[in-house]
**Student:** 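Sharing a structure below in structure tokens format, with a few things to ask.
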Amino acid sequence: MSENNTANNTEAKKKANFINMQIDADLAAGKNDKRVHTRFPPEPNGYLHIGHAKSICLNFGLAQQYGGKTNLRFDDTNPSKEETEYVESIMEDVHWLGFDWENRLYYASDFFPKLHAFAIQLIKEGKAYVDDQDAETISSQKGTPQKPGMESPHRNRLVEENLDLFERMTAGEFNEGEKVLRAKIDMTSPNMHMRDPIIYRIMKAHHHRTGDKWCVYPMYDFAHGQCDYWEGITHSICTLEFEVHRPLYDWFIDQLKDSDYRPRQIEFARLNLTYTVMSKRKLLELVKDGHVSGWDDPRMPTISGLRRRGYTPESIRNFSDKIGVTKVDGMIDVSLLEFSVREHLNKTAQRVMGVINPLKVVITNYPEDLVEELDAVNNPEDETMGMRKVPFTREIYIERDDFMEDPPRKFFRLGPGREVRLRYAYFVTCTDVIKDENGEITELHCTYDPASKGGNSPDGRKVKATLHWVSATHGVKSEVRLYDRLFNDEDPNGHKDVDFKEFMNPDSLSVLSDCYLEPFIKDSKPLDHFQFERLGYFNMDPDSTPEKPVFNRTVALRDSWAKAQGKE
RNA sequence: UGACCUGUGGUGUAACUGGCAACACGUCUGACUCUGGAUCAGAAGAGUCCAGGUUCGAGCCCUGGCAGGUCAACCA
């Protein structure tokens, strides 16, 4: 695991949610030998996103709270969409988040033989039949939520005939779509899912694990609950849209169970975040159409994207705790996610100075060849992180935004004739503003006060501002990537008749290639976290090379000056 | 003309078997500060979708409405 803290030691006092209460009740009633066993069941057809992180934290967190276990199970019943690449990324992401399924890795495909045998059992019991009709016909007989369905003409086939047909389906004698196996339940049920649901379909696709062995594959409803049952799951936690599936889930368990043990499905509201989309289909679309650089583009709400952006597992876990678990289908403000990273990184991130929009400053009374190694604090929130040296020279860079030729009343930073502190260095006073023929400021001349070395006030005089800076001769030239929200609309999904991509923010990425960082960052590795003082939290991007380090801005610091600016 | 689910400050969550609505984010003050960060102190903001009812007392219970979500894939 790339981050040393695992999820176990951050738990402590979680708020009880409605699922806790239901588990407490189950335990009090002595159900399932008082076990708590959950599972996280992703389909390997895409990368995990922050919504999955909520589910992962919930499932693994619950098990930890009750001294139970959590399985990782790949729900791979549809070979046409699933790939090994996704399996690997999912395992990496779950581990990175700080959770471990130990030796309990399962695939729904592990259960294909048992599922198939169970289907045969249902046929023998007269509870399943083969239907020869095509998809359209079957669907039209299904009725609507308001109108009951009609029975298929094949519904009352003889058991022997069903057995024979299903066997031949399995052997590959029929083409895709020619036949399906359906459970025989109730075509008039007010619940659409109970109207003789299809449980097996013919698919002549290559499966990422079972290869070409099978010609028939079970449907989700026919696989999920049974896998839960065979794995010994006690609480099968899923999202709200499966609520209407629960009677069917229970129906299959009823056919299967041979003891008092029974898994129970509980539904909670999936996570919705402002200014983003959260469906694998839409995220895939962004990737495929090249709107982002990949699943791990730092603007993506995927776990791999957040990781590359500089989020920490701890911050995501804390976020997950904070948002709680309910059945209310709401929308969480991204600012809460951002708060979670700031909170964690403030306590842990190495401080460093970096200038991302350089303006050269010449300190005219400072010796030409002198290089002073000044002391800087690595993290004021954590003394154990120690100190480092920062080289100071006659020519430095400061942030362009930190100088104004004609500063307004509330601008505290540098201006002509003004004195400010250079962090850990000296007090400097601006004496000259150098411009090119277009009137653009190209350089500042300052003088420094040798008595203020280290940034201390020699005589108790105050300066209004402290600026970060980087030596022009020692600074490490770098690329910095700034990110903004991917969408301009709070709910890009919430507009009927308007495609979500219409709301994409054209300025969600800006690349600054003329940035200078203090030499300390030379030793950093991809994904290392930093606070660039006064700017925000950044981490090193894997695109970095020794010649050109690249940093991503995870999130900016809270900035009351910028906020005040925005209001004018 | 259905079934199931949901409805508490701007947002998200709390409120044990009914006892004067709490916390977090966000917002706004002020203090402090070698990060306009962090920290600290404080403020504003809901009377719990509506209407009845039960009760000394209801966000919690009952009745009836209203609003929103989900369900008609050989997807999960």
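First the proteins, then the strands, lettered A, B, ... as listed; each starts at 1.
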**Student:** Nearest heavy atom decides the nucleotide; on that basis, is A/Arg421 or A/Pro41 closer to the 5' end of RNA chain B?
**Tutor:**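 Here A/Arg421 is the residue nearer the 5' end.
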**Student:** Of A/Pro190 and A/Phe18, whose closest RNA chain B nucleotide lies nearer the 5' terminus?
**Tutor:**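 With A/Phe18 and A/Pro190 compared, the 5'-side residue is A/Pro190.
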**Student:** Rounded to whole Å, how long is the line connecting atom CZ of A/Arg409 with atom C1' of B/rG36?
**Tutor:**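 The distance from CZ of A/Arg409 to C1' of B/rG36 comes to 17 Å, rounded to the nearest Å.
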**Student:** Please state whether the phosphate of B/rG36, meaning OP1 or OP2, lies under 4.0 angstrom from any side-chain nitrogen or oxygen of A/Arg534.
**Tutor:**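 For B/rG36, OP1/OP2 do have a side-chain N/O of A/Arg534 under 4.0 Å.
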**Student:** If pairing requires Watson-Crick or G-U wobble contacts with both distances under 3.5 Å, which nucleotide is the partner of B/rA51?
**Tutor:**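 Answer to the pairing question: B/rU63, which forms a Watson-Crick or G-U pair with B/rA51.
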**Student:** Determine the contact category for A/Tyr424: base if any of its heavy atoms lies under 4.0 Å from a base atom, sugar-phosphate if only primed atoms, P, OP1 or OP2 are that close, otherwise nothing.
**Tutor:**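 A/Tyr424: base contact, heavy atoms under 4.0 Å.
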**Student:** Is A/Glu372 salt-bridged to A/Lys453, going by a charged N under 4.0 Å from an acidic O?
**Tutor:**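 Salt bridge: yes.
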**Student:** Does OP1 or OP2 of B/rC74 have a side-chain N or O of A/Ser139 closer than 4.0 Å?
**Tutor:**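 For B/rC74, neither OP1 nor OP2 has a side-chain N or O of A/Ser139 closer than 4.0 Å.
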**Student:** Is there a Watson-Crick or G-U wobble partner for B/rG37 with both distances under 3.5 Å, and if so, which one is it?
**Tutor:**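 No nucleotide pairs with B/rG37.
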**Student:** What about the rings of A/His116 and A/Phe166, do their centers lie closer together than 6.0 Å?
**Tutor:**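 Here the rings of A/Phe166 and A/His116 have centres that are less than 6.0 Å from each other.
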**Student:** Look at all strands and tell whether A/Val325 reaches a base, only sugar-phosphate, or nothing, counting heavy atoms closer than 4.0 Å.
**Tutor:**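 Sugar-phosphate, no base atom in range.
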**Student:** Can a salt bridge be assigned to the pair A/Glu173 and A/Arg168 using a cut-off of 4.0 Å between side-chain N and carboxylate O?
**Tutor:**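 Yes.
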**Student:** Check the pair A/Phe538, A/Ile521 against side-chain contact (heavy atoms from CB on, under 4.5 Å), reporting the backbone distance first and the verdict last.
**Tutor:** CA-CA 11 Å; A/Phe538 294 74; A/Ile521 58 97; over 6 Å; no
**Student:** I'd like the P distance from B/rG52 over to B/rC60, given in whole Å.
**Tutor:**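 Straight-line distance between the two P atoms is 14 Å.
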**Student:** Can you check the distance between B/rG59 and B/rG9, where both ends of the measurement are the P atom (answer in whole Å)?
**Tutor:**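 Their P atoms lie roughly 14 Å apart.
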**Student:** Base, sugar-phosphate, or nothing: which does A/Glu399 touch, judged by heavy atoms less than 4.0 Å apart?
**Tutor:**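 No contact.
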**Student:** Residues of residues 170-188 of chain A with any non-hydrogen atom less than 4.0 angstrom from an atom of RNA chain B: list those, numerically ordered, please.
**Tutor:**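 Only A/Gly177, A/Val180 qualify.
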**Student:** Does A/Thr326 put a side-chain nitrogen or oxygen below 4.0 Å from OP1 or OP2 of B/rU13?
**Tutor:**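 Yes.
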**Student:** Between A/Glu82 and A/Arg209 (salt bridge meaning N to carboxylate O under 4.0 Å), is one present in this structure?
**Tutor:**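 Judged by the 4.0 Å cut-off on N to carboxylate O distance, A/Glu82 and A/Arg209 do not form a salt bridge.
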**Student:** Assess whether one donor atom and one acceptor atom, taken from the side chain of A/Gln531 and the base of B/rU35, lie less than 3.5 Å apart.
**Tutor:**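 A donor-acceptor contact between them is present.
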**Student:** Pull out every protein N or O sitting under 3.5 Å from an N or O of nucleotides 59-61 of chain B, one pair per line with the distance.
**Tutor:**
none

**Student:** Parallel, tilted or perpendicular: which one describes the rings of A/Phe252 and A/Phe118, with boundaries at 30° and 60°?
**Tutor:**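 Geometry flag for A/Phe118 against A/Phe252: perpendicular rings.
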**Student:** For a quick test of reading the model: is some side-chain N or O of A/Arg201 closer than 4.0 Å to OP1 or OP2 of B/rC75?
**Tutor:**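 For B/rC75, OP1/OP2 do have a side-chain N/O of A/Arg201 under 4.0 Å.
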**Student:** How far, in whole Å, is B/rG26 from B/rG10 if one measures between their C1' atoms?
**Tutor:**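 Between the two C1' atoms, the distance is 8 Å.
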**Student:** Need the pair for B/rC4. Rule: Watson-Crick or G-U wobble, both distances under 3.5 Å, any strand; none if unpaired.
**Tutor:**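 Base-paired to B/rG69.
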**Student:** Pick base, sugar-phosphate or nothing for A/Thr144, based on heavy-atom distances below 4.0 Å to the nucleic acid.
**Tutor:**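 Base contact - A/Thr144 has a heavy atom under 4.0 Å of at least one base atom.
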**Student:** Could you label the plane-to-plane angle of the A/Phe487 and A/Phe500 rings as parallel, tilted or perpendicular, counting under 30° as parallel and over 60° as perpendicular?
**Tutor:**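 Because their plane-to-plane angle lies in the 30° to 60° range, the rings of A/Phe487 and A/Phe500 count as tilted.
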**Student:** Please give the nucleotide sitting opposite B/rC75 as a Watson-Crick or G-U wobble pair, both distances under 3.5 Å, or none.
**Tutor:**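 By the stated definition (distances under 3.5 Å), nothing pairs with B/rC75.
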**Student:** Taking N or O atoms only and anything under 3.5 Å, show me the protein contacts with nucleotides 67-69 of chain B, one pair per line.
**Tutor:**
none

**Student:** Is there ring stacking between A/Tyr220 and B/rA76, where the centres must be under 5.5 angstrom apart and the planes under 30 degrees?
**Tutor:**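 Not stacked: fails the 5.5 Å / 30° test.
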**Student:** Heavy-atom count around A/Glu136 CD within 6.0 Å, excluding the residue itself: above 12?
**Tutor:**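 Counting other residues, nucleotides and ligands, CD of A/Glu136 stays at 12 neighbours or fewer.
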**Student:** What's the gap between B/rA67 and B/rU48 when it is taken at their C1' atoms, as a whole Å value?
**Tutor:**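 After rounding to an integer number of Å, I get 16 Å for this pair.
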**Student:** Salt bridge between A/Arg39 and A/Glu231, side-chain N to carboxylate O under 4.0 Å?
**Tutor:**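 Salt bridge absent between A/Arg39 and A/Glu231.
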**Student:** Using atom P of each nucleotide, how far apart are B/rC4 and B/rU63 to the nearest Å?
**Tutor:**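 After rounding to an integer number of Å, I get 14 Å for this pair.
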**Student:** Whole angstroms only, please: what is the CZ-P distance between A/Phe166 and B/rC74?
**Tutor:**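 Going from CZ in A/Phe166 over to P in B/rC74 covers 16 Å.
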**Student:** Give the nucleotide from the list B/rG37, B/rC71, B/rU6 with an atom nearest to the side chain of A/Pro145.
**Tutor:**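 The closest nucleotide is B/rC71.
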**Student:** What about A/Phe74 and A/Tyr86, are their ring centers closer than 6.0 Å?
**Tutor:**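 When the ring centroids of A/Phe74 and A/Tyr86 are compared, they turn out to be at least 6.0 Å apart.
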**Student:** Parallel, tilted or perpendicular, judged at 30° and 60°: which one describes the rings of A/His245 and A/Tyr220?
**Tutor:**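 Correct class here is perpendicular.
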**Student:** Considering only atom C1', compute the distance from B/rC50 to B/rG7 and round it to an integer number of Å.
**Tutor:**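 One C1' to the other, the span is 11 Å.
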**Student:** Taking B/rC28 as the reference, what is the distance to B/rA58 when you measure between their C1' atoms (whole Å, please)?
**Tutor:**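 After rounding to an integer number of Å, I get 34 Å for this pair.
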**Student:** For residues A/Asn318 and A/Ser315, is any side-chain donor paired with an opposing acceptor at under 3.5 Å?
**Tutor:**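 Absent: no donor and acceptor within the cut-off.
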**Student:** Only one of A/Trp469, A/Tyr516, A/Tyr397 passes side chain to side chain contact (heavy atoms under 4.5 Å, CB included) with A/Met353; say which it is.
**Tutor:**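 Answer after filtering A/Trp469, A/Tyr516, A/Tyr397: A/Trp469.
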**Student:** Rounded to whole Å, how long is the line connecting atom CZ of A/Arg351 with atom P of B/rA38?
**Tutor:**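 Distance check: A/Arg351 CZ to B/rA38 P gives 11 Å.
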**Student:** Mind calculating the distance between OH (A/Tyr275) and C1' (B/rG26) to the nearest angstrom?
**Tutor:**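 It is 12 Å, rounded to the nearest whole Å.
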**Student:** State whether the distance check finds a donor on one side and an acceptor on the other, under 3.5 Å, for side chain A/Arg413 versus base B/rG36.
**Tutor:**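 Indeed, a donor on one side and an acceptor on the other fall under 3.5 Å apart.
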**Student:** How many Å lie between NZ on A/Lys563 and C1' on B/rC28, as a whole number?
**Tutor:**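 Atom-to-atom, A/Lys563 to B/rC28, this comes out as 9 Å.
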**Student:** Once you apply a heavy-atom cut-off of 4.0 Å, does A/Arg423 come out as touching a base, just sugar-phosphate, or nothing?
**Tutor:**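 Base contact.
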**Student:** At 4.0 Å (heavy atoms only), tell me whether A/Phe411 reaches a base, stays on the sugar-phosphate, or touches nothing.
**Tutor:**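 Contact class for A/Phe411: base.
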**Student:** State plainly whether the residues A/Arg461 and A/Glu419 are in salt-bridge range, i.e. N to O under 4.0 Å.
**Tutor:**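 Result for this pair is yes, salt bridge flagged.
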**Student:** Quick check on B/rG37: is either OP1 or OP2 less than 4.0 Å from any side-chain nitrogen or oxygen of A/Arg342?
**Tutor:**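 Looking at the OP1 and OP2 atoms of B/rG37, neither is under 4.0 Å from any side-chain N or O of A/Arg342.
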**Student:** Starting at atom CD of A/Gln141, determine the distance to atom P of B/rC74, rounded to an integer number of angstrom.
**Tutor:**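 Answer to the nearest Å: 12 Å.
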**Student:** Output yes when at least one side-chain N/O atom of A/Thr77 is less than 4.0 Å from OP1 or OP2 of B/rA76, else no.
**Tutor:**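 The answer is yes; a side-chain N or O of A/Thr77 sits under 4.0 Å from OP1 or OP2.
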**Student:** Checking one value: the base orientation of B/rG42, syn if chi is within 90 degrees of 0, otherwise anti.
**Tutor:**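 Because its glycosidic torsion lies more than 90° from 0, B/rG42 adopts the anti conformation.
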**Student:** Please verify the inter-ring angle class for A/Phe112 with A/Tyr217; under 30° counts as parallel, over 60° as perpendicular, anything in between as tilted.
**Tutor:**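 Perpendicular, since the angle between the ring planes exceeds 60°.
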**Student:** Quick one: does A/Gln565 reach the base of B/rG36 with a side-chain donor-acceptor pair under 3.5 Å?
**Tutor:**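 No.
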**Student:** Take the protein atom CE of A/Met331 and the nucleotide atom P of B/rG10, then report the distance between them rounded to whole Å.
**Tutor:**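 Going from A/Met331 (CE) to B/rG10 (P), I get 16 Å.
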**Student:** I need the NE2-P distance between A/His193 and B/rC75, as an integer number of Å.
**Tutor:**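 It works out to 14 Å between those atoms.
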**Student:** Give me the ring orientation class for A/Trp230 and A/Phe111: parallel if the planes are under 30° apart, tilted from 30 to 60°, perpendicular past 60°.
**Tutor:**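 Ring orientation of A/Trp230 relative to A/Phe111: parallel.
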**Student:** P atom, B/rA38 versus B/rG47: distance in rounded Å?
**Tutor:**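 After rounding to an integer number of Å, I get 31 Å for this pair.
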